[in-house]
Amino acid sequence: MAGRLEGKVAIVTGAGRGIGRGEALALAQEGARVIVNDFGGSTAGDGGDASPADEVVSEIKKMGGEALPNYGNVVSMADGEAVVKQAMDTWGRLDILVNNAGILRDRIIFNMSEAEWDAVIAVHLKGHFTITRFASIVMRQQRGGRIINTSSESGLGNLGQANYSAAKEGITGLTRTLALDLGKYGVTANALRPRAATRLTLSPEMEAARIRRQQMAAQGGAVTTNAAESSAEQALGGISAMAPELIAPLVVYLSTDAAANINGRDFIIGGDEISIMSLPTRERTIYKQGGWDIDSLEKVFQSTLGAGVKNPKPAENG
């Protein structure tokens, strides 16, 4: 145990596989005692299996660390409260919360069902709330803590992922508000947009989506992409070589006292890259005394607010 987090207690959701597993192991290696939460469902959120959480707990114990499994479903408020209570009952404190659990149900928006929308929003967005709500009470009372959320570059826009994109960018907004709500109590909240080879990113659904994008791009060169889509394409293209364990070092760093001033920010991380994202700001502003009317807007919009603006997906003939 290296000791940077000696005496700290962490909860990691979705910690039975992939990115979450790597995060749980890395936190334990630095001396944190870890609650390994994993419902054990499929990539679509179906079923349940205790073995993923149990296996990671076993790994941590073999290397001399302390860990306990938790099989709760992050969609449930009761389960969210229970995992925080488990940490408090066992070790008397909670210092680090890593929200990582997620599922995929990709579909083009006009084919997406209500159930597919609700399931993804529930696991990702509500799943960040259910545990954070109870963890924040403890951290506020302790006057300290670290919350690390899992967003995605898909939140910048990604074909066929309306539910996932909405949930992930919602997590970024949640993170910024948590930073404001909890910062004065010594609690920080930050979000990661990870690039890693996991069962979600390498799923048949994601592979099919990549193939569709490639086919569209090959049809006469008619596809236009914005910066977000180009970034996502580059990430997906090389993602199979990116080990999920490479996400963990930033999680550990953000969990330390050294990162006490890093609050309300989001990062792209994967492979050999870590980037801090810019915060949204006004690009251009126009004013008109008394407010705007449609005639005035028609006269000036294209030469002011609309100047240089490009449609990321122009209409195609046929």
Side-chain angles (χ1 to χ4, degrees), residues 10-21 23-24 27 34-39 41 43 45 53 70-87 94-105 117-140 145-156 161-183 185 187-194 196 198 200 247 250-251 254-255 262-269 277:
I11 294 171
V12 183
T13 73
R17 303 180 178 95
I19 292 171
R21 172 185 171 274
E23 293 165 341
L27 290 167
V34 183
I35 301 286
V36 177
N37 163 265
D38 203 298
F39 180 65
T43 57
N70 178 280
Y71 317 113
N73 189 336
V74 297
V75 172
S76 164
M77 290 296 290
D79 285 0
E81 183 176 20
V83 69
V84 173
K85 186 175 186 298
Q86 182 181 10
L94 175 61
D95 305 280
I96 302 159
L97 170 61
V98 184
N99 288 305
N100 182 69
I103 64 171
L104 281 179
R105 294 195 183 181
W117 174 272
D118 287 347
V120 170
I121 296 296
V123 173
H124 288 276
L125 189 52
K126 185 182 177 184
H128 273 60
F129 168 71
T130 57
I131 300 179
T132 300
R133 195 272 185 197
F134 298 102
S136 67
I137 296 172
V138 173
M139 292 178 178
R140 177 190 175 193
R146 300 286 182 266
I147 299 170
I148 300 160
N149 294 329
T150 305
S151 181
S152 171
E153 286 178 271
S154 290
L156 306 176
Q161 289 195 310
N163 48 7
Y164 186 76
S165 299
K168 287 303 191 181
E169 207 60 9
I171 288 167
T172 306
L174 170 65
T175 301
R176 292 171 183 154
T177 297
L178 291 176
L180 299 177
D181 284 351
L182 302 173
Y185 303 108
V187 181
T188 65
N190 294 285
L192 308 186
R193 300 177 188 265
T198 69
L200 290 189
I247 308 303
L250 181 56
V251 170
L254 292 174
S255 299
I262 311 301
N263 195 19
R265 302 305 299 266
D266 59 301
F267 301 82
I268 291 174
I269 177 169
M277 300 293 284

Are the side chains of Val36 and Asn70 in contact, using a 4.5 Å heavy-atom criterion? no

Is there a donor-acceptor contact under 3.5 Å linking the side chains of Ser165 and Ser154? no

Between Met139 and Ile96 the two heavy atoms that sit nearest each other are CE-N, 3.9 Å

Should Ser255 and Ile148 count as side-chain neighbours, where that means a heavy-atom distance under 4.5 Å? yes

Asp38 and Arg21 ion-paired at < 4.0 Å: no

Salt bridge check: are Arg146 and Asp95 linked by an N-O gap of less than 4.0 Å? no

Minimum side-chain heavy-atom gap Arg105-Tyr164 below 4.5 Å: no

Of Lys168, Arg193, His124, the one forming a side chain to side chain contact (heavy atoms under 4.5 Å, CB included) with Thr150 is Lys168

Applying side chain to side chain donor-acceptor pair (under 3.5 Å) to Asn149 and Thr175, what does each step give before you reach the verdict? CA-CA 7 Å; Asn149 294 329; Thr175 301; 2.9 Å; yes

Heavy-atom side-chain proximity of Ser136 to Leu182 below 4.5 angstrom: yes

Partner of Val98 under side chain to side chain contact (heavy atoms under 4.5 Å, CB included), chosen from Ile11, Thr13, Leu27: Leu27

Using every non-hydrogen atom in the two residues, find where Asn263 and Gly183 come nearest and quote the distance to one decimal. ND2-CA, 3.9 Å

Can you check whether Arg265's main-chain N or O pairs, donor with acceptor, with Asn190's side chain at less than 3.5 Å? yes

Do Leu97 and Ile131 make a side-chain contact, defined as non-hydrogen atoms from C-beta onward lying under 4.5 Å apart? yes

